[in-house]
Every structure is written in structure tokens, then in C-alpha cells.
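Everything below concerns the one structure shown next.
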Protein chains: 2
Amino acid sequence: MNKKMTSTHALKLKNSGVYPTAQRLAIADMLFDRHQHFTADSLQEALIFNGIKVSKATVYNTLKLFVEKGLVNELVIDSQKCFYDTNTSHHHHFYNIDTGELTDIESITPKMLESLSIPEGTTIDNIDLVVRLRNH
Amino acid sequence: MNKKMTSTHALKLKNSGVYPTAQRLAIADMLFDRHQHFTADSLQEALIFNGIKVSKATVYNTLKLFVEKGLVNELVIDSQKCFYDTNTSHHHHFYNIDTGELTDIESITPKMLESLSIPEGTTIDNIDLVVRLRNH
DNA sequence: TTTATAGTTAGACTTAGTCTAAATTTAAAC
DNA sequence: GTTTAAATTTAGACTAAGTCTAACTATAAA
């Protein structure tokens with residue numbers, strides 16, 4: 001498993017113009033095998049749990065770099081901490097404020113918004129739509 | 001101006017089940033005369049600028065209370081700080097990540113999303129749609 | 001007036017994230 | 001292989017937003 005995966009990830013980094021250092025590869029290995037949501041903190045914990053020691057500064061630097069290069073997306077879901085998503089396709093989110101659970105709403109269209117079907121046992125607290133602009 | 005306004009705001013607080021203390025009224029006077037976007041910090045600065053001394057704890061407590069009572073809305077626009085909005089009607093936002101400018105998109109319908117007209121001189125960086133759920 | 005309750009306060013504390021300057025790694029040149 | 005230069009990583013100090021606590025103050029009710 002590891003040999004092949006690692007080289008795949010190394011290639012993925014190189015193709016995005018990211019020099020594949022040991023730490024970046026360790027982080028890529030943690031993230032890119034499946035789509036997932038995580039925070040800087042949860043990522044570092046997972047690394048440490050797997051015996052990989054990476055400093056906080058490197059975790060933050062690497063995430064910033066991966067976001068710049070389009071390898072992960074930044075999610076503004078909570079005002080207190082930043083979430084990341086390895087699913088970089090255009091999609092949206094359910095966020096359960098009681099459980100903290102974050103799940104994808106794949107390929108929503110404006111029409112679907114009208115009759116959005118939500119997970120069982122939950123009610124909508126609010127819907128936030130934020131259009132982030134840049135000056136050009 | 002002040003006598004009438006103050007009593008209007010006192011009434012507004014009472015109607016929402018908020019006991020109108022001096023500090024809460026001072027905050028209500030700052031906020032409710034017009035719809036506006038603000039942070040806990042900018043609110044406290046504005047109060048101090050107007051010679052009204054209110055502690056940080058009270059600013060946070062009061063905002064939490066006002067949110068609970070539906071007098072202001074909490075906006076998750078930025079992962080670093082919480083924005084508030086005195087416009088509690090259902091609407092969405094443009095957020096200019098270069099200037100920090102936050103403006104309303106009033107009464108957007110799913111259909112309007114398809115052909116959203118954005119402010120001159122800007123491009124869309126991303127659109128985040130978050131559906132916040134509660135367990136019931 | 002007293003007493004109980006609610007609200008306010010300063011400042012210590014927490015948490016997420018940034019910054020800095022030194023140490024390490026790597027690539028390239030010799 | 002060594003040396004050198006550039007990029008990366010690191011620990012830990014620092015910042016900013018927000019929470020907590022325990023003392024103090026104001027208010028309401030008896």
C-alpha cells in the first residue's frame with residue numbers, strides 16, 4: 001500500500017507545484033486517500049497519533065500552501081476555527097450545530113434549494129449564503 | 001431625538017423579554033437606529049468613542065442575549081471573528097475579502113442565484129452555502 | 001430597609017492562529 | 001564528497017477573539 005500511495009501523493013504535490021518534503025507527504029498521506037473534513041488541530045492530532053511529529057507552524061504553513069495550490073478548500077463554517085475539505089469540487093454543506101457533524105451537499109442547483117431534503121431527526125437552524133468577492 | 005428613541009428601544013427590549021439595563025440600552029441605541037454589520041470589538045470601540053464605558057464581558061453577554069432573543073443575527077463570514085447584523089430578515093451577503101466590506105443581498109431567490117449581479121470592480125472568489133441543522 | 005436576584009466588571013485564562021529567529025534539510029555547484 | 005545557498009521546519013513567544021470567575025453593583029420585591 002504505502003510505496004504506491006506515497007509516490008501517487010508525491011506526484012500530486014509536484015503537479016501542483018508543491019515541493020514534496022517529508023512533512024508535506026505525511027500530511028498528504030493523511031488527507032488524500034479519501035475526502036474528508038478536518039481542522040488544523042485535528043490534523044496535527046492525527047499525525048501525532050500515527051507517530052508523525054510535525055510542528056504546529058508546519059501544519060498551518062502546509063495547509064495554507066495546499067489551499068493556495070487548490071489541493072484543499074477552506075470552509076468558513078464556524079467563527080472560531082477554520083475547517084478544511086479535501087473535496088475541492090464545487091459543493092456545499094450541512095453543518096449540525098449540535099453534533100459538529102459536517103457533511104457534503106453535492107452539486108446543489110438553485111432549483112434544489114427550493115426543496116432541500118435534510119437529514120432525518122434534524123431541523124434547519126439557518127441557511128447562510130456568502131458570496132466572497134475579490135477586487136480585480 | 002433621544003428621549004423618544006430611548007424609550008422605543010427600551011420597549012423593543014422589553015417586548016423581547018430582555019430587561020433594559022443602562023448598558024443594554026446604550027448598546028441598543030448604538031445598533032437599532034439603522035441596520036448595520038459589526039463585531040463585538042467594533043461595537044465596544046463605538047461605545048467607548050461615544051463616552052459609554054461598557055466592559056468586554058458585558059458586550060459579549062449582551063450580544064449573546066440579543067442573538068438568543070432574535071434581536072440581532074450572528075454571521076459566520078470569517079473564521080477569525082464573529083460578525084453581527086441588525087437586519088434580522090432573511091437575506092444573504094457579499095463579503096469583499098480584500099476590503100472587508102460586507103453588504104446585504106436582499107431577498108435572493110434560487111432563480112436569482114443563477115444570474116447573480118455582483119458589484120463593479122469585483123470577481124467572485126467563492127460562494128459558500130451552509131445549511132445549519134439542529135437535532136429536534 | 002433588608003434581602004435576594006440579576007447584571008456588570010476587571011482581569012486571568014483559553015484557543016486558534018501568526019511570527020520570528022535558529023536549526024535542519026535539500027539541491028546545486030564545485 | 002564538500003561547500004554553499006535556498007527552502008523548509010521548528011520551538012516557543014506572541015496576538016486576537018472570546019470565555020470564565022469571583023467580587024461588586026444595581027434593582028426588585030418583601
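Just so we're on the same page: letters track the sequence lines, and every chain starts at 1. Just so we're clear, the structure is a prediction, and the values are computed from it rather than from any experiment.
Rounded to whole Å, the distance from CG on B:Leu63 to C1' on C:dG7 is 15 Å. Distance, B:Lys81 NZ to C:dT15 C1': 16 Å, rounded to whole Å. In this structure, A:Asp78 atom CG and D:dG18 atom P are separated by 11 Å, rounded to whole Å. What separates CG of B:Leu25 from P of C:dT8 is a distance of 10 Å, to the nearest Å. A straight line from NZ of A:Lys14 to P of C:dT26 spans 13 Å, rounded to a whole angstrom. Between A:Ile27 atom CD1 and D:dT9 atom P the separation is 8 Å, expressed in whole Å. Distance B:Leu65 CG to D:dT19 C1': 16 Å, rounded to the nearest Å. Atom pair A:Tyr60:OH and C:dC19:P shows a separation of 13 Å (rounding to whole Å applied).
Contacts of A:Lys64 with the nucleic acid, taken as non-hydrogen atoms under 4.0 Å apart, are absent.
Taking side-chain N and O atoms only, A:Lys56 has no distance below 4.0 Å to OP1 or OP2 of D:dA13. For C:dT9, one of the phosphate oxygens OP1 or OP2 lies less than 4.0 angstrom from a side-chain nitrogen or oxygen of B:Gln23.
The 5' end of DNA chain C is approached more closely, in terms of each residue's nearest nucleotide, by B:Asn61 than by the other of B:Asn61 and B:Ser79. The residue among B:Phe83 and A:Thr58 whose nearest nucleotide of DNA chain D is located toward the 5' end is A:Thr58. Both A:Val54 and B:Gln80 lie close to DNA chain D; mapped to their nearest nucleotides by heavy-atom distance, the more 5′-ward contact belongs to A:Val54.
Closest to the A:Ser55 side chain, of the nucleotides D:dT9, C:dT26, D:dC20, is D:dT9. Considering only side-chain atoms of B:Tyr19, the nucleotide from D:dG18, C:dG7, D:dT8 that sits closest is C:dG7.
Remark: side-chain polar atoms of A:Gln80 are not paired, donor with acceptor, to backbone N or O of B:Cys82 under 3.5 angstrom. With hydrogens and angles disregarded, a donor-acceptor distance shorter than 3.5 Å links the side chain of B:Gln44 to the backbone of B:Val54.
With hydrogens and angles left out, the side-chain atoms of B:His37 and B:Asn87 include no donor and acceptor closer than 3.5 Å. Judged by distance alone, the side chains of A:Asp104 and A:His92 never bring a donor and an acceptor atom under 3.5 Å apart.
Salt bridge annotation for A:Asp41-A:Lys81: absent, with no cationic side-chain nitrogen under 4.0 angstrom from a carboxylate oxygen.
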